[in-house]
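All residue numbers refer to positions in the sequence shown, counting from 1. Basis for what follows: all heavy atoms, side chains included, without hydrogens, waters or symmetry-related copies.
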Amino acid sequence: MKVAKEWRLGSMGDTKILPGSRHRSPLKRPIWIILMVSFVSLFLVCAYIYPPNSDVACYVFSSRGCKVLTDWLPPPKRELTDEEIISRVVVRDILDTPPVESKNPKIAFMFLTPGSLPFEKLWDMFFRGNEGRFSVYIHASKEKPVHVSPYFLNREIHSSPVTWGAFSMVDAERRLLAYALKGPDNQHFVLLSDSCIPLHNFDYVYNYLMHANMSFIDCFVDPGPHGNGRYSTRMLPEVEEKDFRKGAQWFTMRRQHALLVMADSLYYSRFRDYCRPFADGKNCIADEHYLPTFFNLVDPGGIANWSVTRVDWSERKWHPKSYRAQDVTEIAFSLNLWNGHMKLEVIFNGNFGQYSFSC
């Protein structure tokens, strides 16, 4: 115990004594605050595990009901299905395996066409002088093409009928990828149609695609009736509406991603069964949704979310804008290819920017 010291100030008669330190009683803890925090924590845990189902229970805590209560709670984790576990293992192994380097890397140009290619002469000019740097594959769904360029001779693969908007379009794309993957030197894969043309010379396209460590697949959220309005809850639990994506059909993809498409059976089957024209009262077009949704789920960081193929949808119709002879302006080459019946989907005096092709 400290003793109070006595202080004397000069000759002053009165003495002032400063008290020593006082002994303080222990601080009383606010027990009621601890109890309140514990009660609220317990309530939140219970609400998360056993969410209220009745309106009365919801309105006890919010005048706007259960929706507000569940909006800020984290979604409960679900157990993955066996198919999802298998799919994730395969995807992980393919992406983690270093790509096999080729001494002679090529681009595989895959043409999805009903018959002959009206712009084959133009493609002949594009390929000329670059032999050994590309491969050509043709899926002709209606009739055997008549060729005018040696680069296209005997390049047809086994083909099946293709109906616009049907899932047969996705099957044709996968069939082209399968044949192109048989070539070990093919490192990048480009899907094209009979109306596609190149917008740059071969060197530009080759260097652009080969040096890009990604696939150019169009992928975006469309909340409208022609986007998420096509989603079917029958795709649950593997495909949720928040993961549903849309994009243009035309893609370019690197070899690892092409292998992923070939290895996929889970998401392929969901779109085959539940994304069809007029299924469940919805007009779902699988070739606009399957690949964008698939890559958004398995490797969203590996795609560019846009395509290097230019398509003009400004007319807001089922098909993109078609350009005819009167629309063609001055261009850097001269070919007598165009007439009033040919479909040309590019404005030649426009700014091509990021695009390599037009379809």
Side-chain angles (χ1 to χ4, degrees), residues 75 78 80-81 83-84 87-88 90-92 94-95 112 164-174 176-177 189-191 193 212-254 256-313 316 318-320 354-355 357 359:
R78 65 175 179 84
L80 298 179
T81 64
E83 291 177 293
E84 285 178 294
S87 175
R88 293 192 181 195
V90 172
V91 167
R92 183 196 62 199
I94 292 176
L95 292 178
L112 186 57
W164 179 86
F167 198 78
S168 57
M169 189 75 74
V170 174
D171 286 332
E173 295 173 6
R174 286 165 57 100
L176 278 165
L177 280 174
F189 304 80
V190 180
L191 181 66
S193 76
N213 189 29
M214 65 175 61
S215 297
F216 295 93
I217 299 172
D218 200 20
C219 179
F220 59 92
V221 176
D222 181 357
H226 302 300
N228 279 27
R230 297 171 173 175
Y231 171 77
S232 172
T233 54
R234 298 173 73 182
M235 293 184 180
L236 290 171
E238 292 83 5
V239 181
E240 300 180 36
E241 185 174 359
K242 66 180 180 64
D243 300 316
F244 196 67
R245 294 293 185 271
K246 184 180 180 179
Q249 174 184 11
W250 314 112
F251 62 77
T252 71
M253 67 174 63
R254 56 195 183 97
Q256 279 182 314
H257 282 163
L259 289 171
L260 283 182
V261 175
M262 290 295 95
D264 175 49
S265 61
L266 170 61
Y267 301 103
Y268 169 85
S269 63
R270 296 300 178 271
F271 279 85
R272 179 198 61 204
D273 296 340
Y274 306 122
C275 183
R276 297 171 300 185
F278 310 112
D280 299 328
K282 302 179 181 184
N283 196 26
C284 190
I285 309 299
D287 61 80
E288 294 181 359
H289 296 283
Y290 167 56
L291 287 181
T293 303
F294 174 65
F295 281 103
N296 177 59
L297 286 166
V298 302
D299 191 22
I303 62 174
N305 292 327
W306 49 272
S307 173
V308 294
T309 303
R310 182 183 186 275
V311 180
D312 188 350
W313 293 98
R316 298 184 178 276
W318 284 107
H319 297 281
Q354 66 199 29
Y355 302 108
F357 311 99
C359 291

With a 4.5 Å limit on heavy-atom distance, are the side chains of [X] and [Y] in contact?
X	Y	result
Phe271	Val170	no
Ile303	Met253	no
Thr252	Leu191	no
Met169	Leu112	yes
Asn305	Ile217	no
Leu80	Arg78	yes
Met262	Arg174	yes
Val91	Asp299	no

Enter the distance from Leu291:CG to Cys219:SG here, rounded to the nearest 0.5 Å.
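Atom-to-atom, Leu291:CG and Cys219:SG are 10.0 Å apart.
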Can you measure from CZ (Phe189) to OG (Ser215) and round to the nearest 0.5 angstrom?
10.0 Å
Return yes if some donor-acceptor pair links the side-chain N/O of Asp218 with the main-chain N/O of Ala248 below 3.5 Å, else return no.
yes
Do the side chain of Arg234 and the main chain of Tyr231 share a donor and acceptor less than 3.5 angstrom apart?
no
Side chain to side chain contact (heavy atoms under 4.5 Å, CB included) assessment of Arg245 paired with Phe294
CA-CA 9 Å; Arg245 294 293 185 271; Phe294 174 65; over 6 Å; no
As a quick check of understanding, evaluate side chain to side chain contact (heavy atoms under 4.5 Å, CB included) for Thr309 and Phe216, giving each step before the final call.
CA-CA 9 Å; Thr309 303; Phe216 295 93; over 6 Å; no
Partner residues of Glu83 under the salt bridge (charged side-chain N to carboxylate O under 4.0 Å, His left out) criterion, sequence neighbours left out
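Here the qualifying residues are Arg270.
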Report yes or no: is the cationic atom of Arg230 (NZ for Lys, CZ for Arg) under 6.0 Å from the centre of the six-membered ring of Phe244, at an angle within 45° of the ring normal?
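Cation-pi check for Arg230 and Phe244: fails.
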Any side-chain donor-acceptor pair under 3.5 Å between [X] and [Y]?
X	Y	answer
Ser87	Glu84	no
Asp171	Tyr268	yes
Tyr290	Asp264	yes

In this structure, is the centre-to-centre distance between the rings of His257 and Phe295 below 6.0 Å?
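Distance test on ring centres: under 6.0 Å, yes.
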Quick one: do Gln249 and Ser307 satisfy side chain to side chain contact (heavy atoms under 4.5 Å, CB included)? Show the steps, please.
CA-CA 9 Å; Gln249 174 184 11; Ser307 173; over 6 Å; no
State, to 0.1 Å, how close Glu238 and Leu297 come at their nearest heavy-atom pair, and which atoms those are.
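So the two residues come closest at O-CD1, 4.4 Å.
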